[in-house]
Amino acid sequence: MEHTFCYNPESAVVTTTKGKVRGYVYDNISIFKGIPYAKAERFHAPEPMDPWDNVLEATSYGFVCPLLDSESKPNGELMVPHRYWVMNENCQNLNVWTPACDGTKRPVLVWLHGGGYEAGSAIEQIAYEGENMCRIGQVVVVSVNHRLNILGYCDLSAFGKEYENSGNAGTADIVAALQWVHDNIEAFGGDPANVTVFGQSGGGAKVTTLLQTPAADGLFAKGINMSGVIGPVLADAEGSGEDMVRAMMAELKIEDVKELEKVPYAALADAYKKVKPQLAAEGKNVGCKPFPNAYYVGTPEKHGFRQESSQVPMMIGSVFGEFTSFAPTTYRRDQLTAEEGEAMVKEFFGEEQAAELLPLFQAAYPERNPVDLLVLDFVFRSPEKEYIEKRSALNECTYAYLFNQDLPVDGGRTPWHCSDIPYVFHNTELVPVTQDPGVTEKLENQIFESVMAFARTGCPDNDTIPHWPASSADTENTMVFDSDTKLRPDFDKELMPLFTKYMGPIFMKNMQRMMGNVQH
C-alpha cells in the first residue's frame with residue numbers, strides 16, 4: 001500500500017490549555033509524541049506545566065523514567081520485543097494517536113505500561129505502538145510515562161508535610177496525566193467523558209490503584225486489567241519508609257533529607273540497592289510500590305473495593321502460562337503423546353496428587369496435552385479469580401477473560417506474560433512470534449473488537465465472539481480466547497484451588513528458573 005505523510009505548520013497543530021503542540025500526520029493518523037502533562041521536583045507532587053508561547057514540537061518521544069537496573073545485554077527479544085530510550089527524571093509526558101483533531105468525541109484509551117511500579121516505559125514494548133488501534137478502531141490512544149521506583153514510590157512522609165505523598169508520586173503523575181486528558185483530549189478528537197484506562201502486568205495493577213485513589217474519580221469511565229492482579233507480588237508497601245530513607249542517607253553520607261533531592265540518580269539508585277536487601281529481610285518498607293495513606297486507600301484485597309468506583313466497568317484477565325511459559329522445556333510438546341505427558345505429570349507431582357489434578361485439568365482444558373499442567377499459571381489466576389468474584393458482587397459490569405493461544409516457539413509454547421498485548425493493540429504484524437496461519441488474524445480481530453466494544457460501551461460483546469455476559473458473585477463467565485474462542489463459565493473453578501495448593505511450594509522454590517531470563 002502507498003503511505004502518506006504530512007508535516008507542516010497547518011497540519012496536526014492543536015491548542016492545549018498550556019499552548020500549541022505540533023505533531024505530524026501519517027496515513028491520515030495525527031501523531032503527537034512527548035507532550036508534557038506536568039512537572040515535578042524529586043519526591044514532590046506533580047504541578048501543572050507553565051504555559052508556553054511558541055508551538056511545542058511533539059514529534060519525538062519524551063524522556064522515560066530512569067531505571068534501577070540496566071541490562072548489560074538485551075535478552076528475550078524474540079518473545080517480548082523491546083525498545084530502549086533516553087532516561088531522565090523529567091519524564092511526565094504522554095503520546096497521542098488520533099484519527100483527526102476535529103472535535104469529534106471518540107472513545108479514548110489511555111495505556112499504562114508494565115514493569116511493576118519500578119520499570120518499563122510508555123514505548124518500551126514494540127507492541128505498545130498506538131497507530132493501528134487508532135486507525136482500525138477509530139479511537140484516540142494515549143500512552144503515559146510517569147515516575148517509577150524510588151522516584152515515584154519512596155515514602156519520606158516522616159520528614160515533613162512536603163513529602164506527605166512521596167510514596168505515591170508515580171500514581172499522582174498518572175492522575176495528572178488523566179487530568180490533562182480530561183482537559184485537552186476533546187481538541188484531539190476524543191471524548192473526555194469516555195476514557196478507558198488499560199494496562200498489563202504493573203500497568204494492570206495501576207488500573208486497580210487508580211480505582212482505589214479518590215483523586216482519580218471521574219477522570220476515567222472504564223478499566224482493563226491485563227495480568228495485573230498478582231496478589232502479594234505487587235502488594236502495597238507497608239509501614240513507614242523512614243528507615244529506608246535514613247539508610248540511604250547514611251550510605252550516601254548526607255545528613256539533610258533535602259540533599260536527597262539533588263543526589264545524582266545513579267548514586268541514589270546504587271545506595272538504594274545496597275540497603276534494600278537487609279531492610280526487606282527485616283520486613284521494612286522498601287518502596288517501589290504504592291503506599292496506603294490519605295491519598296491512596298490500598299489494595300482491594302486488603303482494604304476492600306471503594307464504593308465510589310465500584311460501578312466502573314472492568315475487563316479482567318490473564319494468560320495460560322504467564323511467568324512459567326518463559327522457561328524452556330526439556331521436551332517438544334508437538335512430539336509428545338497424551339500418555340507421555342500424563343506420565344511426566346505423575347513423575348513431577350507423584351501418583352496421588354497427579355490422580356487428583358489430571359481429571360480436573362483435562363476437564364478445564366480438554367484441548368491440551370496433560371503435560372501443560374506443569375506450566376499452568378496460578379500466581380495470577382488464583383488472586384484474579386478472587387478479585388473477579390468480589391468485584392462482581394458489587395456490580396453487573398465485570399468481565400473475565402483468559403488468553404489461551406499457544407505460540408509457534410519450539411514446536412508450540414504455552415502463552416507467556418505479555419503475549420496477549422499485540423492482539424489488544426492490533427499489532428501482531430509487529431511481533432513475528434505471533435504469526436500462526438489461519439489463527440492469528442481471526443484471534444486478533446476477536447480480541448481487538450472486544451476491546452473496542454468495551455471502550456465504546458462498557459460491554460465487550462460483539463459479533464466476532466460468542467455472547468459474553470458479565471460475571472456474578474456466583475459465576476465467573478470467562479471468555480477463553482484461542483483458536484476456538486468460547487465462553488466457559490467457571491471452567492477452572494475446581495482445578496485452580498487444588499493446583500495452587502500443590503504447585504505453590506514447588507513454584508516458590510523454582511520461581512527464577514520458571515520465569516526464565518526474559519525481560520517483560
Side-chain angles (χ1 to χ4, degrees), residues 45 112 114 116-118 146 148 152-158 163-175 178 197-242 244 280 283-318 379-400 471-473 476 500:
L112 304 177
Y117 293 87
E118 63 177 84
H146 62 91
L148 300 162
Y153 300 91
C154 179
D155 173 42
L156 293 90
S157 58
Y163 301 117
E164 64 182 348
N165 199 39
S166 60
N168 297 304
T171 300
D173 283 354
I174 299 172
V175 173
L178 290 174
V197 289
F198 70 129
Q200 186 270 349
S201 192
K206 292 165 196 173
V207 174
T208 292
T209 300
L210 290 171
L211 290 166
Q212 300 293 97
T213 301
D217 290 351
L219 296 180
F220 65 100
K222 298 177 284 291
I224 303 175
N225 186 330
M226 304 164 56
S227 300
V229 182
I230 322 178
V233 177
L234 283 181
D236 293 329
E238 295 187 351
S240 171
E242 182 175 1
M244 173 182 66
K284 300 293 179 63
N285 178 348
V286 293
C288 294
K289 295 177 182 178
F291 178 64
N293 60 7
Y295 183 83
Y296 165 61
V297 171
T299 60
E301 293 91 333
K302 186 169 183 178
H303 301 275
F305 289 96
R306 294 177 58 242
Q307 188 63 37
E308 294 84 351
S309 58
S310 64
Q311 300 304 308
V312 172
M314 290 283 291
M315 279 177 62
I316 305 164
S318 53
V379 174
F380 295 76
R381 183 67 178 141
S382 285
E384 170 191 300
K385 288 176 68 63
E386 181 179 356
Y387 184 108
I388 291 168
E389 178 183 349
K390 290 181 177 179
R391 189 166 179 84
S392 296
L394 303 175
N395 59 43
E396 297 179 355
C397 52
T398 299
Y399 299 89
S471 293
S472 68
E476 182 187 305
T500 301

task = Not counting sequence neighbours, list each pair that qualifies as a ring pair (Phe, Tyr, Trp, His ring centres under 6.0 Å) and has a residue in residues 214-237.
result = none
remark   = Of all heavy-atom pairs linking L210 and A216, the shortest is O-CB, 3.7 Å
message = So, using side-chain contact (heavy atoms from CB on, under 4.5 Å) as the criterion, who are the partners of A215 when residues are at least two apart?
response = V175, T213, Y295
task = List for me each residue that meets ring-ring contact (aromatic ring centres under 6.0 Å, His included) alongside Y387, sequence neighbours excluded, and say none if there are none.
result = F305
query = Any idea which heavy atoms bring R306 and V297 closest together, and the distance?
reply = CD-CG2, 3.6 Å
query = Going from OG on S227 to CZ on R381, what distance comes out if it is rounded to the nearest 0.5 angstrom?
reply = 11.0 Å
Minimal non-hydrogen separation, A158 against S240, with atom names = CB-OG, 4.2 Å
task = Using side-chain hydrogen bond (donor to acceptor under 3.5 Å, both in side chains) as the criterion, list what pairs up with N225, not counting sequence neighbours.
result = T208
query = If we ignore angles and hydrogens, is there a donor and acceptor under 3.5 Å between the side chains of T171 and T209?
reply = no
ask   = Do E164 and N293 come close enough that some side-chain heavy atom pair is under 4.5 Å?
value = no
key: Nearest-0.5 Å distance, OG of residue S310 to CD of residue E308   = 8.0 Å
request  = Answer whether the closest heavy-atom distance between the side chains of E476 and K385 falls below 4.5 Å.
outcome  = yes
Non-neighbouring partners of Y153 that pass ring-ring contact (aromatic ring centres under 6.0 Å, His included), sequence neighbours left out = Y117
query = Atom CE of M314 and atom CG of L394: how far apart are they, to the nearest 0.5 Å?
reply = 12.0 Å
note = One should read off an interatomic distance between E301 CD and I230 CD1, to the nearest 0.5 angstrom, of 10.0 Å
note = Looking only at heavy atoms, the pair that brings S382 and T500 closest together is OG-OG1, 2.6 Å
query = Looking only at heavy atoms, what is the nearest atom pair of R391 and V312, with distance?
reply = NH2-O, 2.9 Å
ask   = When you measure from the side chain of N168 to the backbone N and O of F291, does any donor-acceptor pair fall under 3.5 Å?
value = yes
ask   = Where is the tightest heavy-atom contact between S166 and C154, given as atom of each residue plus distance?
value = OG-O, 2.7 Å
ask   = Are side-chain heavy atoms of Q212 and P292 found at a separation under 4.5 Å?
value = no
key: Full working for side chain to side chain contact (heavy atoms under 4.5 Å, CB included) between E238 and D155   = CA-CA 10 Å; E238 295 187 351; D155 173 42; over 6 Å; no
Those residues that, when tested against Y399, pass side-chain hydrogen bond (donor to acceptor under 3.5 Å, both in side chains) (two or more places apart) = none
key: Gap between atom CG of N395 and atom OG of S471 - 0.5 Å precision   = 9.5 Å
query = Do the non-hydrogen side-chain atoms of K206 and I174 ever get within less than 4.5 Å of each other?
reply = yes
ask   = When rounded to the nearest 0.5 angstrom, what distance separates CG in L156 from CG in N165?
value = 11.5 Å
